[in-house]
Amino acid sequence: MEKEALTDADLELAQKKIDALMKDHKRAMRAAGVPAFITAIASVADKLSRGENGQFKGGWFYSYVTSNLLSGASAQLLQNYVMRHQATLELQVSKSMHQEFDNAPIAERQSRNPEETATNVDAMKIAVDGYLGAKGQLLSGIVSSAAFVGLTVISGGAASLPIMGAVIASSGIMSYLMNDKMNQEKIDMKNKLREDKAELRSTDRKLYTASYKLETSDKDKKAYQMFDAKQDKYLGTYKKFTNMLNRYAVIGTIMKGVILGGVVVATVANPMNALVTFGAAIGTYGAVQGCVNSWFSIKEHVGNFAHAYKKFMPKMKVKFGKEKIKQNANTIELENIVVKKRSHDDPTKVSSENLFSGQGKFRIEPGITLLAGASGAGKSTLINLLMHSNDIDEGTIKIGTIDKKGKFSGQKYDDLAFGEPAKHIALSMQNGELLDVTVDEYIRLSNPNAPAELVNKVQDLLGIKDDPSNPSLINPNLKIDPAGKNISGGQANRLNLAQALIKDSPILILDEPTAGVDPTMSENIVKYLNEIKKDKTIVYITHNMKDIDNPDGEALHIDQALDLGKDVGATSATIARIDWTNESERKEYLEFFANRNIGRSPSSPTLSAEELAAKKETLLQKSKENEQRILRYTATTQTAAPSFTTHSTSENAFERPSFSRSDY
């Protein structure tokens, strides 16, 4: 069996993670050892309450009854107390891992197998549960050992202490050596067993899911042969595991017999004390062995956690420091950044070629920054950089504020603690994942304490209202189907946008926020963003010409544009900054933006000026026809117009065609 190598660094990181999770559960660990302490008191009371003939002494009888009652009751009560903490711990592990996963590189998250990830998180839950219990068992073992030694002195006198010392030493050394040899093998075996079981469970589910298809397409029963192979693999691993445990159990029993045989030989000269000492030796042996076993059990649970966490951690590393963002940061500065190309199949593989670069300093500051570029130019990668779920290959990124004199003060991303930039940024992406909650619960997830005024304003803006007569509205009490069966793509985008706006962060990154909405709502969204831009830094990503240049309605009040693309003859894209306040720059860029989004690209035949004008006129005419159809539909149904996205229908003006990464 190939072993999963765990380094000291892996174990140290796992211990830190567990210690952080256990911070609020130290009482539960101590509570797990209290029943043993009370049992020890009950045993002492038992001894003191009996005379030489075994009859109860009247004065001690009440102590005996009380201590035994307390022992039984406390064990049950404290067990329930520990169980509550274990349930809380499991939830904390889930939440902590979700938060870590959300800050992992997006490219890697997309390539992950959700079932495998969930299996690893389950393994971490089991490990922290076991860790809590093992800590309690260690405390119990220490108390029990002390109690048995105390009882030996009470029953057999000080003459028995040398024998007890020998029992403690020999059983401790033997248990340590056995556990030290067994522990790593046990960690490897248990994790292999868990992985084989997860494979079997996955195959099992697939068979049930595909049973109808298998009846007609799998006549040779190959799927069941695969299931049998997974089952045999699991059973084979289980057999190896139990054989290993049996081997150590036999060795342990032989050693225990040798030690207790030595106790009999040592006490045979004093027959009156032999039975008492032998009984105490058995108890002491078991208690000391329990201490050592518990100590190694703690190490085992740390190893199991490390094993699962190592598989859970993203392979793409992001540099983090320990600093917290010191202020309500609303400005990001990028200086001489370079991002290398990565393999689609394995994002950890970095090419020597640049995906894009930005020479000099670029600031994304309060106001609206249009982020544009051809498909594949690197916009999504740049968003990942801003969220700090990816690292740049060269240069620096800082987040901070600009004072009244225009001086920027910020902190480097590499120095910030895990997830810090994401706390100051609200992100709304298309095709976001939905959850099995109500619409109202979903949009409040980003800010559960959001003021009612803000929530109501956002709901009103995005048509989140309870009105059965208007099918375009989204009922706040609707239970979302995560598969999207009762939520359309356009509605899902509206919910993600609502979640971002309700987060009320100083920085907003919005990907096609008007996609999938009717013209009226689109203009309302643009108007709202224009209103809040004086207090917010808004990064607006779009291919829709009307969002940025709408002579017949509301258009974005853009302050600057950052465009990712290639110059003629260039091998990689660069970031170009367009100053929107410069009239000539703005007009030139708007013409370029429009031309690019109707199909002009170096990789396709270049259109002549006449052909370009004719194509643009055709698309504009189709756009007007779309709007007329929407108005007719609205007048007929007396409901809101149906949703048309700016990139999912060929009848929309400035439709975004499919570009390769090199196209620009």
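Around CD of E453, the count of heavy atoms belonging to other residues, nucleotides or ligands within 6.0 Å does not exceed 12. At most 12 heavy atoms of other shown residues, nucleotides or ligands fall within 6.0 angstrom of atom CD in E588. For CG of D403, the number of neighbouring non-hydrogen atoms (other residues, nucleotides, ligands) closer than 6.0 Å is greater than 12.
Taking the side chain as every heavy atom from C-beta outward, K479 and D436 approach each other to under 4.5 Å. A 4.5 Å side-chain heavy-atom check between S522 and D547 finds at least one atom pair inside the cut-off. At a threshold of 4.5 Å between non-hydrogen side-chain atoms, the residues L370 and Y589 count as touching.
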From CA spacing to verdict: side chain to side chain donor-acceptor pair (under 3.5 Å), E323, Q411: CA-CA 9 Å; E323 293 181 11; Q411 297 164 270; 3.0 Å; yes
Step-by-step side chain to side chain donor-acceptor pair (under 3.5 Å) determination, T369 to Q560: CA-CA 5 Å; T369 295; Q560 68 170 349; 3.1 Å; yes
Step-by-step side chain to side chain donor-acceptor pair (under 3.5 Å) determination, T381 to N384: CA-CA 5 Å; T381 302; N384 294 345; 5.2 Å; no
Verdict with reasoning, K340 to D393, per salt bridge (charged side-chain N to carboxylate O under 4.0 Å, His left out): CA-CA 6 Å; K340 302 288 185 181; D393 295 294; over 6 Å; no
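Aromatic ring orientation, F320 versus F418: perpendicular (interplanar angle above 60°, classes split at 30° and 60°).
With rounding to the nearest 0.5 Å, the separation of CD1 in I558 from CG in L590 is 7.5 Å.
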